[in-house]
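Source: prediction; values computed, not measured. When reading the values below, keep in mind they use all heavy atoms of this one structure, side chains included, and skip hydrogens, waters and symmetry mates.
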Amino acid sequence: MAAAAAAAAVTVSSAGSLLAMLQEPEPELKLHALACLNSLVHAFWHEISTSVSSIESLYEDEEFDQRQLAALVASKVFFHLGELNDALSYALGAGALFDVADDSDYAQTLLAKALDEYAAIRSGAAGEEKTMDPRLEAIVERMLDKCILDGKYQQAMGMAVECRRLDKLEAAISRCDNLHGALSYCINLSHQYVSHREYRLEILRCLVKIYQTLPNPDYLSICQCLMFLDESDTVASILDKLISGSKTIKQAVEMRNSVCHSATICSNAIMHAGTTVDTFLRENLEWLGRATNWAKFSATAGLGVIHRGHLQQGRALMAPYLPQNGAIGSASPYSEGGALYALGLIHANHGEGIKEFLRESLRNTSSEVVQHGACLGLGLAALGTADEEICEDIKNVLYTDSAVAGEAAGVGLGLLMVGTASEKATEMLAYAHDTQHEKIIRGLSLGIALTVYGREEEADTLIEQMTRDQDPILRYGGMYALALAYRGTANNKAIHQLLHFAVSDVSDDVRRTAVLALGFVLYNEPEQTPRIVSLLSESYNPHVRYGAALAVGISCAGSGLSEAISLLEPLTSDVVDFVRQGALIAMAMVMIQTNESYDSRVGAFRRKLEKIILDKHEDTMSKMGAILASGILDAGGRNVTIKLKSKSKHDRLTAVVGLAVFTQFWYWYPLTYFISLAFSPTALIGLNSDLKVPKFEFLSNAKPSLFDYPKPTTQQTATTSVKVPTAILSTYAKAKSRAKKDAESKAKEKAEAAPPSEDASAASTSMQVDGAPAEKKAPEPEPTFQLLTNPARVIPAQEKFIKFLEESRYEPVKAAPSGFVLLRDLKPAEAEELVLTDAPTTATANNAPAPNTSEQAAMAVDEEPQPPPAFEYTARI
């Protein structure tokens with residue numbers, strides 16, 4: 001039969017005779033005709049299509065034993081006619097005759113359609129409820145099995161994830177030679193291509209189960225999955241098991257103008273974030289004394305940014321400003337409120353040791369300013385804990401209906417309940433409808449948005465309520481709810497919703513925030529953001545242009561992305577002052593830790609900031625933006641960047657939340673300090689088995705200038721002067737001439753007395769004396785690599801160039817280009833030199849005495865010198 005079909009393919013020039021044969025009563029003739037038509041359909045489909053009803057009737061005839069062949073022919077005819085639904089329907093009827101291994105356009109197109117339809121039914125995305133056709137399921141299973149048998153494991157994993165077949169996903173992973181690589185690939189798949197949160201969590205649970213069956217589980221990857229699953233108890237039990245078992249735990253460790261005056265204080269705090277360097281504040285007490293009321297609140301709170309993370313000393317540092325045992329009038333309420341806010345910034349997300357003090361301070365005051373600071377501090381210290389007692393304390397402040405305290409209470413509740421999707425969000429929304437204070441409504445709007453952080457489609461009902469509300473402030477909160485619920489997902493539905501509000505809402509606040517919110521949705525794919533907002537950045541509406549600038553700043557923060565800089569450049573010279581302000585801040589966020597060697601526009605931008613700050617005619621809004629931008633550029637002593645995702649690709653909740661609240665500085669300047677929560681140190685710190693820092697070198701395989709600290713701009717004078725000829729007295733000219741002759745004679749004598757090797761030096765001296773320029777040597781080419789010593793500054797753009805030396809004594813336990821890196825000592829018997837110790841000493845193997853070195857003799861940094869031994873003084877005669 002096959003030979004006959006092949007012969008027919010060569011000799012037949014028309015399908016008419018074969019179509020006539022379908023009408024014969026003999027089954028053998030019909031079978032022969034179908035077999036021939038099956039091989040000729042690609043050439044004669046237009047002719048066969050006129051008799052497709054005859055082929056369909058053969059398939060529907062249950063007494064015809066070659067129904068599947070008839071279905072296959074009909075499927076191919078409908079495929080060429082462009083009727084893919086009918087083509088797939090008959091392909092399913094063809095059963096095993098439909099070859100999933102066929103690489104023709106026909107087979108590949110229908111397989112793709114089958115996969116899409118199967119996935120749509122499995123995900124419930126097909127509109128109305130549809131039952132699964134077992135024939136469709138059989139084809140998809142054959143596709144998956146073939147991929148696994150052929151060793152195309154990544155393709156099988158992708159199809160299994162798309163089709164929601166976790167059993168096939170598990171089968172594909174288990175067959176892989178590189179299990180760890182396969183699991184890592186699946187984690188990336190779940191984050192990049194799975195838009196439904198619940199299904200993503202199902203995949204992660206499946207991966208955790210597979211990880212735990214491995215003979216040597218990768219606890220780091222397990223814990224990363226559990227972090228996404230929010231299963232902190234399981235992580236704790238793993239850590240406890242590792243600690244009690246051995247040192248394996250280390251593998252899991254991965255002016256005068258008040259606005260500009262306040263902006264300068266904020267900028268200084270940001271520049272010194274986490275460094276404890278408060279020299280500027282101590283040396284400018286008189287200047288700081290100009291701060292009054294809320295400016296004093298901000299100045300005090302700035303200390304929290306400077307000392308952020310120093311949990312042990314935090315309360316002692318802020319003691320002079322804190323409420324003293326509940327005493328009334330012991331200090332300015334603005335200083336007290338700012339100090340409580342500062343404690344929250346110091347202990348952000350690590351507030352166990354300070355929560356009770358903040359609660360007592362909140363309960364023991366009736367000052368709305370102190371309550372404001374205490375609510376913000378409590379929200380930060382108890383971030384995401386959903387502590388019921390703290391929640392009640394903050395709600396009590398909210399229900400006093402004080403505008404100032406109520407605004408902070410709304411934000412504080414959101415910080416406390418972040419990501420919980422708690423029912424309290426409904427209570428907050430109800431109270432937002434009851435109160436008349438715009439400040440409280442705005443605080444609650446942001447607070448509600450924080451509660452749905454990361455909840456994706458679970459938040460849709462609440463988002464729908466907020467975005468359809470008549471109050472523009474609540475719609476404004478709805479934009480933040482969309483931004484935070486779908487943070488970093490690049491979800492198409494969320495993007496479309498935000499773009500819709502950006503061009504259609506009647507409120508400028510809502511439109512601005514809708515565009516800004518795109519930055520949060522897209523920060524996982526920063527390259528897309530400039531393209532998506534490019535037209536919006538040219539909008540006639542300045543609020544939309546401002547939002548476009550901040551969206552780029554948020555999503556491209558720390559990237560130095562050329563397209564982002566190109567989009568922001570014209571906005572820094574916009575005709576509207578607040579647009580310029582937003583563009584300057586956004587540009588600083590993008591350029592943080594980028595120098596002029598990496599992008600020549602960095603130097604020009606720094607000079608522009610200096611010019612704006614020094615220009616007395618510049619408007620206040622732009623000047624404020626330039627001052628804050630200067631602080632962001634040099635944040636944390638130029639040793640931090642803004643990072644919203646960790647190396648393991650999970651969201652840095654504290655950073656995202658911090659940046660979201662930071663953008664509220666539009667309404668309330670003290671919230672500027674929340675940007676410090678988004679800062680991430682940029683360093684490589686190698687640790688040995690005792691978690692101490694050994695001395696060793698590693699390679700940065702790139703030009704040093706690319707990643708150097710940015711060069712400081714030269715301070716310009718406030719006035720310019722015209723260069724005029726200098727008047728020279730005759731007596732001065734004669735004295736200069738005599739000095740020149742004396743110098744020439746001395747140089748000549750020295751040249752004659754010097755050995756030959758010094759001739760060049762003497763000649764050079766003589767040339768310089770004569771006033772002629774010395775001979776310039778050709779500059780040496782810059783090296784193409786750099787040796788760095790542990791610990792070292794390593795910025796994100798530099799990470800791909802970092803390598804450990806082959807002859808190094810240390811190698812990383814798990815390769816990592818930055819952060820804390822646990823090291824394996826390849827020469828444990830040799831003495832080990834440590835750095836960053838309180839008292840510089842040299843550790844030795846097997847507790848042997850350390851050699852006597854000058855470094856050991858050095859005293860500790862804070863150690864008092866010992867008195868000399870007793871002696872008798874005898875004066876000389």
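Judged by distance alone, the side chains of N349 and T654 do bring a donor and an acceptor atom under 3.5 Å apart. For the residue pair E368 and S402, a side-chain donor N or O sits within less than 3.5 Å of a side-chain acceptor on the partner. A donor-acceptor pair shorter than 3.5 Å can be found between the side chains of T682 and Q593. In the model, D505 has no side-chain atom that pairs as donor or acceptor with a side-chain atom of H500 under 3.5 Å.
When the shell of 6.0 Å around CD of E392 is examined, it contains more than 12 heavy atoms from other residues, nucleotides or ligands.
Between the CD1 atom in I532 and the OG atom in S537 there is a gap of 12.5 Å [rounded to 0.5 Å]. Considering OG1 of T513 and CG of L482, their distance stands at 12.0 Å, rounded to 0.5 Å. Taking CE of M417 as the start and CD1 of I390 as the end, the distance is 11.0 Å to the nearest 0.5 Å. Note that the OG1 atom of T451 and the CG atom of L446 stand 10.0 Å from one another [nearest 0.5 Å]. The CD1 atom of I554 sits 9.5 Å away from atom CD1 of I642, with the distance rounded to the nearest 0.5 Å. Here S367 contributes atom OG and Y334 contributes atom OH; the two are 7.5 Å apart, rounded to the nearest 0.5 Å.
In summary, R359 and E356 engage in a salt bridge, as defined by a charged side-chain N under 4.0 Å from a carboxylate O. E407 has no carboxylate O lying under 4.0 Å from a charged side-chain N of R442, or vice versa, which leaves the two without a salt bridge. Between R475 and D469 no salt bridge is recorded (no basic side-chain N to carboxylate O distance below 4.0 Å).
Annotation: F297 is in aromatic contact with H372 [ring centroid separation under 6.0 Å]. The ring of W294 has its center no closer than 6.0 angstrom to the ring center of Y669. Separation of the F665 and F662 ring centroids falls under the 6.0 Å cut-off. Taking the six-membered ring for Trp and the full ring otherwise, Y453 and Y480 have centroids separated by 6.0 Å or more.
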>> Using side-chain hydrogen bond (donor to acceptor under 3.5 Å, both in side chains), reason through D401 and Y431 one step at a time and then give a plain yes or no.
In response: CA-CA 10 Å; D401 208 41; Y431 190 76; 2.9 Å; yes
> Hey, mind stepping through K424 and E388 against salt bridge (charged side-chain N to carboxylate O under 4.0 Å, His left out) and telling me if it holds?
Replying inline: CA-CA 11 Å; K424 290 184 173 56; E388 284 293 335; 3.1 Å; yes
>> Between E457 and K493, is the salt bridge (charged side-chain N to carboxylate O under 4.0 Å, His left out) condition met? List the steps.
In response: CA-CA 10 Å; E457 63 271 5; K493 182 183 72 172; over 6 Å; no
> Passes salt bridge (charged side-chain N to carboxylate O under 4.0 Å, His left out), R580 versus E618? Steps please.
Replying inline: CA-CA 11 Å; R580 295 198 296 275; E618 187 65 61; 3.8 Å; yes
>> Using the rule given for side-chain hydrogen bond (donor to acceptor under 3.5 Å, both in side chains), can you reason through T489 versus N524, listing the C-alpha separation, both sets of side-chain angles and the distance that settles it, and then say yes or no?
In response: CA-CA 7 Å; T489 61; N524 200 24; over 6 Å; no
> Under the side-chain hydrogen bond (donor to acceptor under 3.5 Å, both in side chains) criterion, do D509 and Y667 qualify, and how do the steps go?
Replying inline: CA-CA 11 Å; D509 280 358; Y667 302 101; 3.0 Å; yes
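For the pair L677 and R652, the tightest heavy-atom approach, listed with the atom from each and the gap, is O-NH2, 4.4 Å. Of all heavy-atom pairs between S680 and K643, the closest is CB-CB, 3.9 Å. Taking both residues in full, the closest heavy atoms of M479 and V510 are given as CG-O, 3.9 Å, listed atom of the first, atom of the second, then distance.
Under the side chain to side chain contact (heavy atoms under 4.5 Å, CB included) rule, Y523 has a single partner from L659, D651, T529, which is D651.
Residues I585 and I632 meet the side-chain proximity criterion, which asks for heavy atoms closer than 4.5 Å.
Here the side chain of T663 pairs a donor or acceptor atom with the backbone of A660 at under 3.5 angstrom. Between the side chain of T275 and the main chain of H272, a donor-acceptor pair closer than 3.5 Å is present.
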